[in-house]
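These figures come from a predicted structure and were not determined experimentally.
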Amino acid sequence: LLTDWSESRFRPDIVCVNDQVGADITHKAWPDISMDNIKITGYPSLDKYKYYNAVDIAAKTRQIFNLEPAKPIVLYCGQVGRAGEALQEVVAVLNELKRDIYFISRQHPRMATDAPDQMSFWQAALDDFRGGILIRDTSAFETASLLALADVVLAMYSTILIEAAVLRKQSIAVLYP
């Protein structure tokens with residue numbers, strides 16, 4: 001905002017932002033733009049949850065997987081960089097806790113191409129999992145269905161954590177420097 005579009009003649013007439021924080025940042029960078037020309041649109045990627053029946057989706061998904069109703073489900077969604085390493089730490093903790101859980105891990109769609117070095121860490125982590133039952137193949141399910149199913153969501157600085165919050169899921173951010 002401050003460099004590429006520093007000259008007002010290169011700026012758009014209207015700027016769309018997600019929230020008031022974005023509007024304030026834009027206005028601070030470009031004080032001459034009218035607040036009327038900064039439009040807060042929200043997070044369109046979350047609109048799908050407005051009428052989403054997470055309880056029904058979770059029940060159907062649990063039934064398809066044939067999962068016991070009382071056993072907790074932990075979902076880990078990796079980012080690209082260091083996702084396999086983070087999964088190894090998550091698995092080590094879950095193994096240490098010795099809880100009888102269902103564990104689902106979900107790779108970022110670009111991990112295999114953008115961080116192929118993480119694939120061996122990822123596979124080793126899954127091979128080491130001893131903290132319950134590992135559900136390996138979730139490819140037939142949308143991530144939203146897995147979020148609805150999960151009792152706890154672990155993710156690396158991802159929009160998955162925002163989606164989990166929208167669905168009122170317990171969440172843990174796994175952050176690396």
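In this structure, the side chains of Asp128 and Gln123 stay at 4.5 Å or more apart for every pair of heavy atoms. Contact annotation: the side chain of Val15 never approaches that of Lys39 to less than 4.5 Å [non-hydrogen atoms, C-beta and beyond]. When side chains are defined from C-beta on, Asn37 does not count as touching Asp13, because their heavy atoms never get closer than 4.5 Å. Proximity of Leu126 to Arg136: side-chain heavy atoms (C-beta onward) are separated by under 4.5 Å at one or more points. Side-chain contact between Cys77 and His108: absent, with no pair of heavy atoms (C-beta onward) separated by less than 4.5 Å.
Hydrophobic cluster membership for Leu167: Tyr43, Leu46, Tyr49, Tyr52, Ile57, Ile64, Phe65, Leu67, Ile73, Leu75, Tyr102, Ile104, Ile133, Ile135, Phe141, Leu146, Leu147, Leu149, Val153, Ile160, Ile162, Val166 (Ile, Leu, Val, Met, Phe, Trp, Tyr linked by side-chain heavy atoms under 4.5 Å, directly or transitively). Tyr51 shares a hydrophobic cluster with no other residue; no ILVMFWY side chain has heavy atoms under 4.5 Å from its own. Other cluster members for Val80: none, since no ILVMFWY side-chain heavy atom sits under 4.5 Å from it.
Listed by first then second residue, pairs satisfying salt bridge (Lys or Arg N to Asp or Glu O under 4.0 Å) with a partner in residues 143-172 read Lys48-Glu163, not counting sequence neighbours. For residues 49-61, there are no salt bridge (Lys or Arg N to Asp or Glu O under 4.0 Å) pairs, not counting sequence neighbours. Listed by first and then second residue, the side-chain hydrogen bond (donor to acceptor under 3.5 Å, both in side chains) pairs involving residues 61-80 are Lys71-Asp100 (not counting sequence neighbours).
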query = Step by step, would you call Gln20 with Ile40 a side chain to side chain contact (heavy atoms under 4.5 Å, CB included)?
reply = CA-CA 7 Å; Gln20 188 61 49; Ile40 298 174; 3.4 Å; yes
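With Gln118 as reference, Glu85 is the one residue of Arg82, Gln107, Glu85 to meet the side chain to side chain donor-acceptor pair (under 3.5 Å) rule.
Minimum interatomic distance between Met156 and Gly78 (heavy atoms only, all atoms of both residues): SD-CA, 4.4 Å.
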